[in-house]
Amino acid sequence: MGEPVLIAGGIRALLLQALHPRTMWGTAQNSELMNPDAAWARLGRTVEFVRVRTYGTHAEVERVGRRVRKLHSKLTGLDMRTGETFPVDDPENLLWVHMGEVDSYLDVARRAGVPLTAADADAFVDEQRRAAAVVGLDPADVPGSVAEMKDYYADMRRQIFACREAREGLKRMFSPAVPQHLMPLKLAAPGVAMLVVSTLPRWARRMYGLPGLPTSDLAATLALKGLYRTTHVVPERYRYSPDAQRARRLTRAHEADLATWSIAS
């Protein structure tokens, strides 16, 4: 999760999540997501939630999870097709958002060349069920392997499409409204958006009305590999965020302790 290339995975997740109409409507109707002047601040709050959920202590994660669950429990959305009102924290919506993150981070990591075996990939999907519990899902109801995740998407594809709000969000990616001090990001946005869109599954790109060509998959994979290798030229103290560096130190210390116990036994 600390690899810089996984930023592409986070943005990919947003585009994938937007393909569930109720998820998109519930978000758009209860936030400032569709307001260009306020969308950046909302994105910042989402990034902060993911940061705490990934790297925080158990107490910090429980605190942020409790706050998010309380907020979601008060919100409803309007289904623009049927006129039906639905709860934003409907388990189907929560699960779709969760799986969008898991699939996107894992897909980008593997295609970029992050060294993960098939068993590692299954372990990642399984471990992320703890993240699902943070937003109120029962981990037993969440896919726990790559195969289960693929089955989940095969079932969901019959129920989703790119609604008007999702298409607007995609267009805005190419020219986002950003604070003045982050104006260089606006210049880089078209290139980043092209890469991220190309990482989506072919069926997702077609739902957005874009070509789902194998050549786009290949180009995206090569670009991700290039980015991953480029970032690894940078020393770790600059490559990783302070949270990621702390996590790596804790992991190495834990692995060293395990090795010591193994030798002793």
Side-chain angles (χ1 to χ4, degrees), residues 1-20 23-24 26-28 30-33 38-72 75 88-89 91 93-112 114 116 121 123-137 139 142-144 149 169 173 176 178-179 182 185 192-193 195-196 199-200 224 227-228 231 239-248 250-251:
M1 290 295 290
E3 294 295 341
V5 73
L6 261 67
I7 293 173
I11 304 173
R12 178 190 189 270
L14 296 175
L15 292 177
L16 195 56
Q17 291 162 348
L19 288 175
H20 191 299
T23 296
M24 188 66 209
T27 301
N30 287 284
S31 73
E32 297 178 302
L33 178 66
W40 189 262
R42 187 193 183 283
L43 177 61
R45 293 192 292 272
T46 299
V47 171
E48 176 62 11
F49 170 76
V50 173
R51 183 193 70 80
V52 174
R53 189 194 61 197
T54 304
Y55 298 111
T57 64
H58 288 170
E60 290 169 337
V61 173
E62 176 53 32
R63 185 163 57 249
V64 73
R66 188 165 55 246
R67 184 167 65 245
V68 167
R69 293 192 300 272
K70 182 178 179 180
L71 174 63
H72 286 172
L75 303 178
V88 166
D89 63 353
N93 293 345
L94 296 179
L95 181 57
W96 176 258
V97 171
H98 170 75
M99 296 312 300
E101 280 194 61
V102 176
D103 180 76
S104 295
Y105 286 131
L106 182 59
D107 182 74
V108 167
R110 299 182 84 177
R111 291 168 68 177
V114 177
L116 296 169
F124 177 77
V125 177
D126 180 52
E127 290 168 357
Q128 289 302 308
R129 293 195 289 180
R130 296 177 65 187
V134 174
V135 296
L137 287 166
V142 179
M149 184 164 64
M173 271 190 57
V178 299
L182 295 176
L185 292 180
V192 173
L195 171 60
V196 172
T199 67
L200 286 170
L224 291 172
L227 285 172
Y228 177 66
T231 60
R239 184 193 322 157
Y240 298 116
S241 70
D243 288 307
Q245 291 185 48
R246 174 177 174 273
R248 291 171 69 84
L250 289 171
T251 300

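What you see is a predicted model; the values in this text were computed from it and never measured. Along the sequence shown, the residues carry numbers beginning at 1.
We find that Glu48 and Arg51 are joined by a salt bridge, their nearest charged nitrogen and carboxylate oxygen being less than 4.0 Å apart.
Once rounded to the nearest 0.5 Å, the distance linking CG of Asp103 with CD of Gln17 reads 10.5 Å. Atoms CE and CG, from Met99 and Leu106 in turn, are 9.5 Å apart once rounded to the nearest 0.5 Å. A distance of 9.5 Å separates CG in Asp107 from CG in Leu16, rounded to the nearest 0.5 Å.
The two atoms that bring Gly2 and Ala244 nearest to each other are CA-CB, 4.0 Å, heavy atoms only. Thr54 and Val50 get closest at one heavy-atom pair: OG1-O, 2.7 Å. Considering every non-hydrogen atom in both Leu137 and Pro91, the closest pair reads CD2-O, 3.7 Å. The minimum heavy-atom distance linking Gly56 with Val61 is given by the pair O-CG2, 3.9 Å. For the residue pair Arg69 and Val134, the shortest heavy atom distance occurs at NH1-O, 2.7 Å. For the pair Tyr105 and Leu6, the tightest heavy-atom approach, listed with the atom from each and the gap, is CE2-O, 3.6 Å.
Remark: the backbone N or O of Leu224 is not paired with any side-chain donor or acceptor of Arg111 at under 3.5 angstrom. Using modelled atom types, no side-chain atom of Arg110 and backbone atom of Ala121 make a donor-acceptor pair closer than 3.5 Å. Of the possible polar contacts, none joining the Ser104 side chain to the Glu101 backbone as a donor-acceptor pair under 3.5 Å is found.
When the salt bridge (charged side-chain N to carboxylate O under 4.0 Å, His left out) test is applied to Arg248, the partners found at least two apart in sequence or on another chain are Glu236. Applying the ring pair (Phe, Tyr, Trp, His ring centres under 6.0 Å) criterion to Tyr55, with sequence neighbours excluded, gives no partner residue.
For the pair Asp89/Leu94, a side-chain contact is recorded, criterion being any heavy-atom separation below 4.5 Å from C-beta on. Contact check for Met173 versus Ile11: side-chain heavy atoms found under the 4.5 Å cut-off. Between Pro4 and Tyr240 there is a side-chain heavy-atom pair separated by less than 4.5 Å. The closest side-chain heavy-atom distance from Val97 to Thr27 is not below 4.5 Å. Residues Leu116 and Phe124 have side chains not in contact (no heavy-atom distance under 4.5 Å, counting atoms from C-beta outward). Considering only heavy atoms from C-beta on, Arg63 comes within 4.5 Å of Glu60 through its side chain.
Within 6.0 Å of CG in Leu250 there are more than 12 heavy atoms belonging to other residues, nucleotides or ligands.
For the side-chain contact (heavy atoms from CB on, under 4.5 Å) with Val142, the qualifying choice from Gln128, His98, Arg130 is His98, the only one to do so.
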